[in-house]
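This report refers to the structure that appears directly beneath it.
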Amino acid sequence: MLKAVFWRLAPFLLLTGCLRPAEPPVTAETVLQPNKAIVVHGFVCLAFSETMCTIEFGRLIGDGFSETDSQRIYAATRPENLLRYAGWGLPGAPNVGKKMGYYAHVVEPGPYALKLFSTFGNSRTHNYFLASKETNRPFARVDIEAGKINYLGDFTFNSTPFKDQPRVIHGEDRPAAEAYLATFPKLTGEWVVKPVRIEP
């Protein structure tokens, strides 16, 4: 279980500008090219009233993030991996059938870092950055290898943690990730596990 230092961006009233183009996802026709890399990761979000959560990794240029939108690894929750806090007056919020969701992306190899989690709901957006507010130095780096399937592990994001609860939990379930990738029959290659360590 990992704890991270976050700083919150002031809420925005619109989602415009947050849902930007990113590195392309894997499709049924995807074949691993030797000069490209595949990134696989799990994502689940525990929320109160938010209608969507996102996770984003950014390509690193030196000690900071690239400003090029295409050099992003971006994933949004689907209905099955957006969990609700049980009870507390929230109607219709069962978590039956909810589980970790898996995502795969075609990316340029090289250095990346876990950049931020975002939550959307009630006409507001909150961004939780994993980087220094003063220097933009990332806290969670990872090197993506060319010609391989890079598994980054599974991320649980808690939108409203209670006291002493971590906002992010990182774990690994490679069999589940492999089962997900098996749904893309043309995509084969060497797997490498790339655990993302959050180090403020």
Side-chain angles (χ1 to χ4, degrees), residues 1-26 39 41-59 64-105 107 112-140 152-170 196 198 200:
M1 190 175 293
L2 299 174
K3 295 186 179 181
V5 176
F6 290 83
W7 57 281
R8 175 183 289 193
L9 192 69
F12 292 98
L13 296 180
L14 296 174
L15 305 187
T16 305
C18 296
L19 306 181
R20 301 166 296 171
E23 295 282 13
V26 165
V39 163
H41 65 86
F43 179 41
V44 67
C45 183
L46 181 60
F48 272 104
S49 59
E50 291 86 353
T51 56
M52 185 174 71
C53 302
T54 64
I55 182 174
E56 181 178 331
F57 299 82
R59 180 74 180 270
F65 290 101
S66 168
E67 296 299 322
T68 304
D69 282 348
S70 63
Q71 293 185 327
R72 299 161 54 249
I73 303 172
Y74 172 91
T77 49
R78 301 182 285 259
E80 67 269 19
N81 60 325
L82 180 62
L83 278 66
R84 299 293 187 192
Y85 285 95
W88 301 327
L90 294 176
N95 289 324
V96 176
K98 300 297 182 76
K99 59 183 180 180
M100 184 69 65
Y102 287 91
Y103 302 81
H105 313 265
V107 307
Y112 287 78
L114 179 55
K115 185 176 183 180
L116 79 154
F117 294 90
S118 299
T119 62
F120 307 91
N122 300 318
S123 299
R124 289 181 177 270
T125 300
H126 288 96
N127 293 327
Y128 301 86
F129 286 84
L130 284 88
S132 168
K133 185 176 181 180
E134 290 75 23
T135 66
N136 200 34
R137 180 184 64 84
F139 296 149
L152 306 187
D154 300 344
F155 299 86
T156 299
F157 180 70
N158 188 340
S159 70
T160 313
F162 292 104
K163 183 179 180 181
D164 297 327
Q165 283 187 326
R167 192 177 289 278
V168 179
I169 299 174
H170 178 265
V196 178
I198 302 172

Would you say the side-chain atoms of [X] pair up with the backbone N or O of [Y], donor to acceptor, closer than 3.5 Å?
{"X": "Thr119", "Y": "Cys53", "answer": "no"}
{"X": "Lys115", "Y": "Phe65", "answer": "no"}
{"X": "His126", "Y": "Ser159", "answer": "no"}
{"X": "Asn81", "Y": "Phe43", "answer": "yes"}
{"X": "Thr156", "Y": "Leu46", "answer": "no"}

Between [atom1] on residue [X] and [atom2] on residue [Y], distance to nearest 0.5 Å:
{"X": "Met52", "Y": "Thr77", "atom1": "CE", "atom2": "OG1", "result": "6.5 Å"}
{"X": "Phe139", "Y": "Ser132", "atom1": "CZ", "atom2": "OG", "result": "5.0 Å"}
{"X": "Ser66", "Y": "Gln71", "atom1": "OG", "atom2": "CD", "result": "4.0 Å"}
{"X": "His41", "Y": "Tyr103", "atom1": "NE2", "atom2": "OH", "result": "7.5 Å"}

Worksheet item: Is the distance between the ring centroids of Phe155 and Phe57 less than 6.0 Å?
Response: yes
Worksheet item: When the aromatic ring centroids of Phe117 and Phe157 are compared, is their separation below 6.0 Å?
Response: yes
Worksheet item: Any Lys/Arg nitrogen of Glu56 or Arg72 sitting under 4.0 Å from an Asp/Glu carboxylate oxygen of the other?
Response: yes
Discussion item. Taking the side chain as everything from C-beta on, heavy atoms only, tell me whether Val168 gets closer than 4.5 Å to Asn158.
Written reply: no
